[in-house]
Q: 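Take this structure, written in structure tokens, and hold onto it; I'll ask about it next.
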Amino acid sequence: MLKWGVALSALAMLGGCATNGLYQWGGYEQKLYTSYKDPNKVEELRETLETLISQQQQDKHKVAPGLYAELGTIYLQKGDTNKAVDLYAKERDTWPESSGLMTAMIKNLERLKKDKEGEAR
Amino acid sequence: MRKLLVLALISLWLTGCATQPKQDMSAFRAAAPRSILVVPVVNKSLDVDAPNYVLATLPIPIAEKGYYVFPVNTTKVVLEQEGLYEPEQIRQYPPQDLAKLFGADAVLYVTINRWDAQYALITTVVTVDFDYRMVFKDGTEIWMAHQHMQYSPQNNSTGSPIADLIVMAVNAAVTRAAPNYIPLTKQANQMTFMYGPSALPNGPYRDAGKTN
């Protein structure tokens, strides 16, 4: 009975002032706040984003704003600069609004990488 | 949880859509931002987890309205690298400079005024209260909103006063153990950005120009 109520009001809402979803978000929101609560759960956020992004790419859907970059930042914090740069580039290519920030971050990371390589030599 | 959902849906259904007078959007429309930078949330409640929870719930409703939303966690990390760890510090930083640093058209500031559950003997009221403020990259304020939402478990009468009291006490205990802040916060954000009188005009990724 309660389920019907939920379904009916959901239907009514959709019929009334429908705003169809533009994007798939998977569990981004929920995994993000659980990872804030418990930093050990960042790995779950990474997996969620990974799955969501590969699904969207398969279905040829546009990945929601920010998600490539959020995944990139998780890799950055794990120390995987190459992967982070790749993902920031994807964010920039998908969303022109992000181009200033993403380009600056990529440049910084590449400069850091060069410095490190220089030191190693 | 389910009851909250029903309540949320019904209240959305009753109060939502185009029935309320709309807020003046001329400044927002004139600025016509494409991209919005959501910065870490200022917390005036006593719950230390509240600002991160609220931050996580902000991107979806704004992006679904058709705007580019900068990745909130990446933004937080970048700001920390710039030495801005505290949301209060970020408030001191000129919005023009913030917008420039990120290449954003507008900056969204959110303050948590309340995030609490008040426990009486047999009932519990969960309250969230937020202020939202958006500033264009030239420093002018283009939009603001305030949202206050409350939730208390509804009690269906069983016909027996004593049984009713027991049900209410159990409900209150359940709410006390796990107050439903997140669904309430999501509802507040949806009302603010999508359905209420402060709802943003559609952004460039959702039929630009049309109002809802």
Side-chain angles (χ1 to χ4, degrees), chain A residues 1-23 25 28-38 42 45 49 62 64-74 76-77 84 87-88 91-92 94-105 108, chain B residues 2-3 5-14 16-19 33-38 49 51-78 81 100-105 182 186 190 194-195 199 202-206 212:
Chain A
M1 187 57 219
L2 204 48
K3 267 193 187 147
W4 273 107
V6 174
L8 277 178
S9 23
L11 267 179
M13 260 186 66
L14 284 175
C17 50
T19 323
N20 300 322
L22 291 176
Y23 314 107
W25 296 90
Y28 166 65
E29 180 181 276
Q30 194 215 332
K31 295 292 178 191
L32 181 58
Y33 66 71
T34 46
S35 78
Y36 281 135
K37 178 81 185 158
D38 175 4
V42 170
L45 175 62
L49 288 173
K62 206 168 181 180
L67 298 189
Y68 281 121
E70 296 289 55
L71 185 57
T73 299
I74 295 176
L76 182 63
Q77 292 181 315
L87 285 157
Y88 290 152
E91 178 79 23
R92 181 191 58 198
T94 312
W95 301 101
E97 292 83 0
S98 74
S99 137
L101 177 64
M102 293 302 134
T103 306
M105 288 172 70
N108 265 338
Chain B
R2 191 186 281 168
K3 268 185 184 158
L5 188 64
V6 175
L7 207 73
L9 282 169
I10 290 173
S11 60
L12 252 186
W13 185 48
L14 288 177
C17 307
T19 47
R34 291 183 63 86
S35 63
I36 295 170
L37 179 74
V38 181
D49 294 324
N52 283 333
Y53 281 3
V54 173
L55 186 66
T57 60
L58 287 166
I60 295 182
I62 306 172
E64 288 293 342
K65 216 40 199 155
Y67 297 90
Y68 178 77
V69 180
F70 283 82
V72 286
N73 188 52
T74 303
T75 299
K76 191 170 185 281
V77 169
V78 169
Q81 282 174 356
K100 206 170 169 195
L101 184 65
F102 286 84
D105 288 342
I182 300 279
K186 285 164 86 161
Q190 282 179 357
M194 302 178 93
Y195 303 112
N202 286 340
Y205 290 102
R206 185 182 278 285
N212 226 342

Q: Would you name the heavy atoms of B:A56 and A:E29 that are closest together and state the gap between them?
A: O-CG, 3.4 Å
Q: Of the backbone (N, CA, C, O) and the side chain (C-beta and beyond), which part of A:Y28 lies under 4.5 Å from a heavy atom of chain B, both, or neither?
A: side chain
Q: Starting from the C-alpha separation in whole Å, work towards a yes-or-no answer on side-chain contact (heavy atoms from CB on, under 4.5 Å) for A:M102 and A:Y68.
A: CA-CA 11 Å; A:M102 293 302 134; A:Y68 281 121; over 6 Å; no
Q: Side chain, backbone, both or neither: which part of B:K76 has a non-hydrogen atom closer than 4.5 Å to chain A?
A: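 B:K76 touches chain A through side-chain heavy atoms alone.
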Q: Is chain A contacted by the side chain of B:V54, its backbone, both, or neither, given a heavy-atom distance below 4.5 Å?
A: neither
Q: Tell me, for A:Q30 versus chain B, whether the close heavy atoms (under 4.5 Å) come from the side chain, the backbone, both or neither.
A: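 Contact with chain B: none, neither part.
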Q: For A:Y36, give me all partners under ring-ring contact (aromatic ring centres under 6.0 Å, His included), at least two apart in sequence or on another chain.
A: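 Scan of A:Y36 (ring-ring contact (aromatic ring centres under 6.0 Å, His included), adjacent residues dropped) gives none.
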Q: Checking A:K62 against chain B: side chain, backbone, both or neither under 4.5 Å from a heavy atom?
A: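 The side chain, not the backbone.
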Q: Which region of B:F102, side chain (C-beta onward) or backbone (N, CA, C, O), has a non-hydrogen atom less than 4.5 Å from a non-hydrogen atom of chain A, or is it both or neither?
A: both
Q: Which label fits A:W95 and B:Y68: parallel for a plane angle under 30°, tilted from 30 to 60°, or perpendicular past 60°?
A: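 Correct class here is tilted.
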Q: For chain A, which candidate among B:I60, B:D49, B:T75 shows the most heavy-atom pairs at distances under 4.5 Å?
A: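 Of B:I60, B:D49, B:T75, B:I60 has the most heavy-atom pairs under 4.5 Å with chain A.
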Q: Only pairs of heavy atoms separated by less than 4.5 Å count here; which of A:G100, A:G72, A:S98, A:A69 has the most with chain B?
A: A:S98
Q: Mind checking what makes ring-ring contact (aromatic ring centres under 6.0 Å, His included) contact with A:Y88, not counting sequence neighbours?
A: none
Q: Would you find a donor on one side and an acceptor on the other, under 3.5 Å apart, between the side chain of A:E70 and the backbone of B:T74?
A: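 Side chain of A:E70 to backbone of B:T74: a pair is present.
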Q: At a 4.5 Å cut-off on heavy atoms, which part of B:I182 comes close to chain A: side chain, backbone, both, or neither?
A: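 Interface part for B:I182: side chain.
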Q: Using a 4.5 angstrom heavy-atom cutoff, name the option from A:K37, A:M105, A:Q77 with the most pairs to chain B.
A: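 Most heavy-atom pairs under 4.5 Å with chain B: A:K37.
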Q: Closer than 3.5 angstrom, by distance alone: can the side chain of B:D105 be matched with the main-chain N or O of B:R34 as a donor-acceptor pair?
A: yes
